[in-house]
Amino acid sequence: MSVEMKLTSTEIRARFLDFFASKGHFRMPSSSLVPRNDPTVLLTTAGMQQMIPFFMGRETPPAIRLTSAQKCFRTTDIDKVGNERTLTFFEMLGNFSVGDYFKREAIAFAWEFLTQVMQLPANLLYPTVHPEDDEAPGYWSEIAGFPDEAIVRLEDNWWGPPGASGPCGPDSEIYYDRGIEHGCGRADCKPGCECERFLEIWNLVFMQYYQDVDGTRTPLPRKNIDTGLGLERLSMVIQGKESVFDTDMFRAIIDRFAELAGTSYGQDVQKDASLRVIADHGRALVFLAADGVLPSNEGRGYIFRRLLRRAVRHGKLLGLDKPFLSDAADTVINLMKDHYVELGLQRDRIVELLSLEERKFGQTLNTGLALLTALIDDLKQKGHHAIPGEDAFKLYDTHGFPFELTQEVAAEHGLSVDISSFEQAMRRQQERSRASATFTQGQDEQALAALLKRVGSTEFMGYDGITGSGKVVGLLVDGEEVESVSAPQQALVILDSTPFYAESGGQIGDRGDISGPVGVFHVQDTQRPLKGLIVHYGFIGEGYMRVGDAVQADVIGWRREDTIRNHSATHLLHKALRDLIGKQVEQRGSLVEPERLRFDFSSSRALSADDVEHIDRQVNEWIRADYPVKTTLMPLEEAMTTGAMALFGEKYDQLVRVVSMGGSKELCGGTHCAATGQIGLYITVQETSIAAGIRRVEALTGRAAEAYLRQRSAAVDTLADRLQTQPDMLEKRVDQLTQELAAARRQVAQFQRDAALRQAEEIAERAQDVAGVAVVAAAVAAPDDKVLREMGDMVRVKLERPGVVVLAAAFDERISIQVSVEQTLTKRGLHAGRIASVVGERLGGKGGGRPESAQGGGKQKAELGAALDLVAKLVKENLR
Ligand code: ATP
Ligand code: MG
């Protein structure tokens, strides 16, 4: 093998980018791990992600041939880390063609790079293609000389579409044969097998179709190429290593951790697995932190926490008692900072962040583990097999011990955790904390009151726009005023004037950024805790911020726009409800968010489907009328005489703001569209009762309404497709299927009865004669007790003389028995209830009933033969 050239990973990355640059590709820098303008994904998972707008024709690319080395993170792979080839964070090398070259060139480039530039032996490389792709195999033989039968067909080689519809196409993966000693030994082991022999290194995606929601594919006018080559995996192959962790990208990190733990890599399988996990997670955490991800309990922040916690726990297994991640962060940064300059620039912040979180979690873990171990010992002694949900919840709630960890540790001891009672306890707690939320804000409020007195009220500039400049007049951390705050601290920021809307009148607070000369504050919520004072809640994402800084404030535009659409629509909805139901409709609450609106009102009756349809039509008509939205300030009295709607029980100032659009006129301080046409579309999605005499309507507007309709329509298409009909025939088709199903059920029941009847005949023929009485005691197959009883009756009829019939059938765990005794025989001392009782007891259960008919059962299936043998004996003993 020519791998003795042993390129470093830095050299491999450079040669890849240089190679494609020499073929006319423009070098795109890696985008951030946090995707911009794409709320559908948490983190960047592939090189093509930042190219999507180019592929879709939404943006113009810098060139039609592009190449990149992209930072990627895959949450779906977290649990796989520990094997030889899977990482959470990895680098993906790629080349892309935006409507330029296609399959032939993509295959030729890949082949040339691997065999010429990387000098990998051609006989160890295996291309795979999709079974329906009849072009790719031809190119593989023409360019690389593979005979057709050597090209593996894999069903999995298909990419996309990313949503219900979109671009898609076959792909072609390139595998590297690591040698038979890595294989599973099966005769049919080949690329695509789950074992470690064939390693997928490169995937070439041929985006050639557009798939509609109904599944039909049409060829794309401009076909695209997207490829992904894992840098760590290629380095492993080029450097002749056993796993990605043995390459130059990881060995130093692993060795540093091993050194800290006083062990060495390659001594102990268990320890090696833990070393791999913390090396992967540690590296990923450094990159996530560098891209601005902060620990929290949701979204990306939660992924950060989950990785950190898993790493700390595996550190514990290795006996690492002191914080180790922050220490090893330097190793990661030194290894990677030449190519990823952001790591070097942010070194101090990254190390500080990691050590803080690690210390916090380390303490939590120690306390929690001690408590959990004691609990497990106790449960085991008492012979229990599950940890009660309440205990798991207490560990989580009082001690911050993660639930997943409780599950993991429990599993190590062969115990399970009662999830449903854990969730119940969680819900109860959430209800309690909602009730007490107002109480905890007391401390902030005192400091804010002092601040308001000193600096005066905030000027709100957000009616006219979403950006503005201002000055920082106050900063608060943990309920105290401070002079400055730095990243990544949580803080409250107060400006002299701001375009951020503070939550009120149901409309939620704005979010966005406040940028100062040396730092950026990310606003996560805006509130008005005291009259006149607008407070921005959030954290410093970069640098620091001081009192007195001149700043630029920018509200997130799309969020504000979606919100005002919902706010204006709420006014129209209010008006439409009043017109329809009457003056009894009074607003009792509302919530106006970017995603939806909610409106609570007094009404003695529910809205019928017709009412809802009427309201939707009316509101949409007013939207199409495109009424201008006007706001006027006027004295309260004047506003009331003009008939403006005011909020029930609300206290207003002397001077009020009146918002009118079309026939609607309301007292309102919120932000609105310029004209109703901007709302675009209105749809009621739910109408419910929330208390006696109070109804709630939930509705969507604009983009959300459009997405909702699209989704619904796609669902109808999918259903029609599954049921093999057209959307407008769906109802008919479902009726037809329901009838077919009912008929089939009747038929099955009939078959079961027929089968039972046949059994009954056979059994009756095998009746024993005991002192002139026909006795039947048999085990039969029956689906339930009812059929079993019917069978008993049938047998008795078939006997054609007085008899005793005992039938037994097994359902699931237990055996059920039915006993019947001919009436004339009951007068001669036989009693069905007594027989059932004796037989049932023998089966480990019980039985009883009337003299002619009784039932019973038990669970000891092994006793069935003996139990049935008792019947003849009982008859003999009791018959007079
Ligand atoms: P696998 O099935 O092996 O996890 P994949 O099919 O998910 O890979 P692609 O989505 O095709 O991979 O990504 C392209 C390339 O990126 C892969 O060929 C591989 O070299 C690399 N890659 C993908 N996932 C990982 C990972 N978790 N760790 C390291 N490299 C990866
Ligand atoms: Mg793949």
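We count ligands from 1, going down the list as the structure has it; atoms in each ligand are counted the same way.
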>> Treating S30 as the side-chain partner and Q70 as the backbone partner, does any N or O pair qualify as donor plus acceptor under 3.5 Å?
In response: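 No: the side chain of S30 does not pair with the backbone of Q70.
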> Between N224 and G99, is there a donor-acceptor pair closer than 3.5 Å when you use the side chain of the first and the backbone of the second?
Replying inline: yes
Selected option - heavy-atom contact closest to [atom], from [options]:
| atom | options | value |
| --- | --- | --- |
| atom 25 (C) of ligand 1 | F89, W202, F73, F90 | F90 |
| atom 27 (N) of ligand 1 | D77, T45, L231 | D77 |
| atom 13 (O) of ligand 1 | R74, M48, E173 | R74 |

Inspect the contact between [Y] and [X] and indicate whether a charged nitrogen and a carboxylate oxygen are less than 4.0 angstrom apart.
| X | Y | answer |
| --- | --- | --- |
| K23 | E112 | yes |
| D327 | R256 | yes |
| K80 | D77 | yes |

For ligand 1, which atoms, with element, lie under 4.0 Å from some heavy atom of [X]?
| X | answer |
| --- | --- |
| R85 | 28 (N), 29 (C) |
| T86 | 27 (N), 28 (N) |
| N203 | 11 (O) |

> Does an N or O from L229, backbone or side chain, lie closer than 3.5 Å to an N or O of ligand 1?
Replying inline: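 No, there is no polar N/O contact under 3.5 Å.
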>> Does any part of the side chain of D268, heavy atoms only, come nearer than 4.5 Å to the side chain of T263, both counted from C-beta?
In response: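 Sidechains of D268 and T263: no contact.
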> Is the distance between the ring centroids of F109 and Y101 under 6.0 Å?
Replying inline: yes
May I ask you to identify, for [X], whether its side chain, its backbone, both or neither come under 4.0 Å of ligand 1 on a heavy-atom basis?
| X | answer |
| --- | --- |
| M92 | side chain |
| R233 | side chain |
| L87 | both |

